[in-house]
Structure formats: C-alpha cells, structure tokens
Amino acid sequence: MDTKLYGALEAGGTKMVLGIADADGRILRSHSLPTRTPNETVPEMIAFFSQHAICALGVATFGPAQVHADSPEYGAILHTPKLAWQGYPLCQTLSRALNVPFACDTDVNAAALAEVRLGAARGLHSCLYMTIGTGIGGGLYCEDRLVHGMLHPEWGHMLLVPRADDPTPEGFCPFHQHCAEGLAAGPAMEKRWGVSARDLPADHPAFDLEAYYLAQVCVNALMTVSPERILLGGGVMQREGLLPRVRQYVRQLQNGYITAPELNDLDAYIQTPALYPLSGLVGAALLALSAR
Ligand code: ADP
Ligand code: ZN
C-alpha cells in the first residue's frame, strides 16, 4: 500500500487552495490563502506544505503558464495581467524550497483529469471541462491524455456569434470582440445587466442569452474535438435551470448534424462536474502522482 503524502496546489488569481492528498487523490487536509504577491504568498504556501512530509507536488494553475515539462520555464506563470506574477517560476520555487519534484498543468486541465479519473467522466477516453466563473476556461482530456498543443488551448477566448438582442454584442474582453469570456463570464453578465450574475433574478433574460452563448461553446467543441463528455463548472453554472437551457440550445444549434448515440442523452453528455468545487485541487493531487 502506498502511504505516501502528496502536495496539491490549485493556484488561482484570487486564492490559493492547498491540499495534502493520499495516493488515491483523496484530499486529507486543505487550506486556502488569498493570492497577493509572490513575496507574500509563496512563503505562506511553503510553510503549509512544510508541515507535512510530502513526496511530490502537483500544481493546477491559472494561466497562461508554461505546462510543457521539457521547457526550462516549466511551471512558470507567463504573460499575465496579474503583473506581480508575470514570469514568476511558481513551481520551481516551491519545488526547490520543499525539495520535492513537481508536475504542473492548467487548473482546467487538472480538473478534466480529476473528472476522468474520479468524477463525472470516469472511464471515458475524452472529456472537455469548462469553467464559467470570473473567467471562462477549458481543459481537454483527449485520447487518454491532457492536451497542451503549442502553449495550451484558450477555450474561453473562442469567438462566438453575438445574438441580435444582446445589448452589448461586442462583449467585454480587452483583447477580442465577442469572445466567449467577454460575452458570457460572470463579470460580463454583470457589466451587461448592471447586477452581479449571482444576484440576477431567476426569470431575467440574462440567463437565456447566457445559455445560448454557452451552447455555442459546447457546439464548437463538439464540432472541433468531439469530446465524449462536456462538463460545465464554475460559479455561473450553479444557477438552477441554466444547464437544461444550455442543452436545449445545443440540440437546436447542432441541428442533428452529429448522430453519435451519446448525443441522444444530452443530460449525460453535458453535465456539471462531480467533484466541483474540488475538481482542480483533486486534479493537482493526481498530477503530483506523476511528478518526476
Ligand atoms: P472563479 O472563476 O474566480 O473561480 P467562480 O467560479 O466562483 O469564481 O465564479 C464567480 C462568478 O460566478 C461571479 O461572477 C458570480 O457572480 C457568479 N455566480 C456565482 N453564483 C452564481 C449563481 N448562483 N448564479 C449566477 N452566477 C453566479
Ligand atoms: Zn477574449
């Protein structure tokens, strides 16, 4: 029996979630800290992990980050608007201080991995995990491995077709007009309607428009990478009634073009993640198992 302990870190723009896990990816202890500057936050993380005899560290991080293990910058944060973290060698610093090897991936790739191994996509060979929260991001597990490509995919910035009744059809991304994040992340809903997404009343037209945009994301995924399952997590998806509407629009927009039997049951095809809100942290623990 493997009784070793593994460190898991889900690094986010607003908070760092730290965990100690066993070899099955079970989180035995967790702790969260606000994300301030590296000088402030990194020593706090080292102090937490130092209390436990961890043998490896897995990091699921906000992006963009260098996730290619053969790069000298592996585990570093890249060109982020969070300027204090730009270029910061997050994983290398923690790994050196703790004297353990690390493995690193994006938060959403880690979440996809966790859902495939232990959650709502168990046993499948492919799965797309999307988070719809402060931003929109996606992690793809495909043909039994996590997909990175050149850097890593930026699912949240795929361009969507704005709907004619959208009062702000250009969206709110500083880089692109009408990308998914700019049209459909929580803050975009707030800017469009003047009320935080969480506080919009259930019958507000915001949610029909939101479902339409998220369905476009799902249909684009279906047409490009053909995942066996799509999981939609994040704060916005906690809104009751939103997911069934997304499925309705997916049915309408894909319009019978793809006839795979999986699509006969959209309730199974598009689900919420089973491990939410711990998918990313559990994924980080699973990454730690593969650290070299
Ligand atoms: P993060 O992306 O920073 O990890 P979350 O995934 O929790 O954070 O997403 C936060 C966003 O989700 C906010 O914009 C918030 O308004 C929105 N949100 C949270 N709960 C709900 C809800 N029940 N209905 C709609 N939006 C929600
Ligand atoms: Zn964008």
Side-chain angles (χ1 to χ4, degrees), residues 9-19 30 32-36 60-65 79-82 85 106-112 114-115 129-139 151-162 166 168-214 216-217 220 231-246 272-284:
L9 166 63
E10 184 177 14
T14 51
K15 66 176 180 188
M16 299 287 181
V17 186
L18 296 77
S30 70
S32 107
L33 301 168
T35 302
R36 293 178 287 158
T61 182
F62 65 93
H79 196 82
T80 168
K82 298 169 189 73
W85 292 88
T106 61
D107 44 6
V108 272
N109 257 8
E115 294 292 332
Y129 181 104
M130 297 288 310
T131 178
I132 296 93
T134 307
I136 294 186
L151 178 62
H152 50 68
E154 289 285 357
W155 289 89
H157 295 272
M158 67 166 72
L159 306 183
L160 304 181
V161 179
D166 185 345
T168 54
E170 66 291 346
F172 300 95
C173 175
F175 292 91
H176 319 110
Q177 295 204 348
H178 51 84
C179 72
E181 181 168 296
L183 286 173
M189 298 179 79
E190 176 164 357
K191 286 182 194 135
R192 180 186 292 116
W193 304 109
V195 183
S196 112
R198 191 194 297 269
D199 297 330
L200 283 164
D203 59 357
H204 196 284
F207 292 105
D208 189 71
L209 188 63
E210 181 71 8
Y212 178 75
Y213 287 146
L214 298 180
Q216 285 194 44
V217 171
N220 289 344
L231 301 175
L232 301 180
V236 173
M237 293 315 299
Q238 303 318 300
R239 176 58 67 121
E240 210 177 319
L242 180 57
L243 186 57
R245 264 193 227 219
V246 174
T272 47
L275 304 171
Y276 184 82
L278 290 179
S279 317
L281 188 65
V282 172

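Just so it is clear, the values below take in all heavy atoms, side chains as well, and ignore hydrogens, waters and symmetry mates. Note that ligands are numbered from 1 as they come in the structure, with each ligand's atoms numbered from 1 the same way. Positions are given from 1, in the same order as the sequence printed here.
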- Over 12 foreign heavy atoms within 6.0 Å of NZ, Lys15: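 Counting other residues, nucleotides and ligands, NZ of Lys15 stays at 12 neighbours or fewer.
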
- Message: Any protein heavy atom at under 4.0 Å, with atom 6 (O) of ligand 1 as the reference point?
- Response: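 For atom 6 (O) of ligand 1 the answer is yes, since some protein heavy atom falls inside 4.0 Å.
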
- Task: Taking only heavy atoms of Gly186 into account, list the atoms of ligand 1 that are under 4.0 Å away from them.
- Result: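 Counting atoms of ligand 1 from 1, those under 4.0 Å from Gly186 are 14 (O).
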
- Message: Using a 4.0 Å cutoff against the non-hydrogen atoms of Gly234, which atoms of ligand 1 qualify?
- Response: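 That gives atoms 6 (O) of ligand 1.
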
- Task: Measure from the Zn ion (ligand 2) to every N/O/S atom of His157 and report the name of the nearest one.
- Result: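 Answer by atom name: ND1.
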
- Item | Name of the His176 atom (N/O/S only) found closest to the Zn ion (ligand 2) |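 Going by distance to the Zn ion (ligand 2), the closest N, O or S atom in His176 is ND1.
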
So which protein heavy atom does [atom] come closest to, and at what separation?
atom                    : result
atom 9 (O) of ligand 1  : Gly133 CA, 3.2 Å
atom 16 (O) of ligand 1 : Arg198 N, 3.3 Å
atom 25 (C) of ligand 1 : Ala197 O, 3.2 Å
atom 3 (O) of ligand 1  : Thr134 OG1, 2.6 Å
atom 24 (N) of ligand 1 : Arg239 NE, 3.0 Å

- Under 3.5 Å: donor-acceptor pair, side chain of His178, backbone of Leu160: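 Answer holds: yes.
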
- Compute the angle centred on the Zn ion (ligand 2) spanning SG of Cys179 and SG of Cys173, and express it rounded to 10 degrees.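 The SG/SG angle about the Zn ion (ligand 2) sits at 110°.
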
- Report yes if some N/O of Gly235 lies less than 3.5 Å from some N/O of ligand 1; otherwise report no.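 N/O-N/O distance under 3.5 Å: yes.
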
- Task: Decide whether an N or O pair under 3.5 Å exists between Gln238 and ligand 1.
- Result: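 N/O-N/O distance under 3.5 Å: no.
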
Between atom [atom1] of [X] and atom [atom2] of [Y], what is the distance when rounded to the nearest 0.5 Å?
X      : Y      : atom1 : atom2 : result
Leu183 : Lys191 : CG    : NZ    : 12.0 Å
Leu200 : Glu210 : CG    : CD    : 9.5 Å
Leu278 : Ser30  : CG    : OG    : 7.0 Å
Asp208 : Leu242 : CG    : CG    : 9.5 Å

- Query: Given the rule in the side-chain contact (heavy atoms from CB on, under 4.5 Å) test, do Tyr129 and Tyr276 qualify, once you have shown the distances and angles that lead to the verdict?
  - Reply: CA-CA 11 Å; Tyr129 181 104; Tyr276 184 82; 3.9 Å; yes

- Message: Please evaluate residues Asp166 and Tyr213 with respect to the criterion side-chain hydrogen bond (donor to acceptor under 3.5 Å, both in side chains), reporting the C-alpha separation (whole Å), side-chain torsions for both, the decisive distance (0.1 Å), and the verdict.
- Response: CA-CA 11 Å; Asp166 185 345; Tyr213 287 146; 2.7 Å; yes

- side-chain hydrogen bond (donor to acceptor under 3.5 Å, both in side chains) between Ser279 and Glu115: does it pass, once the steps are laid out? CA-CA 7 Å; Ser279 317; Glu115 294 292 332; 2.9 Å; yes

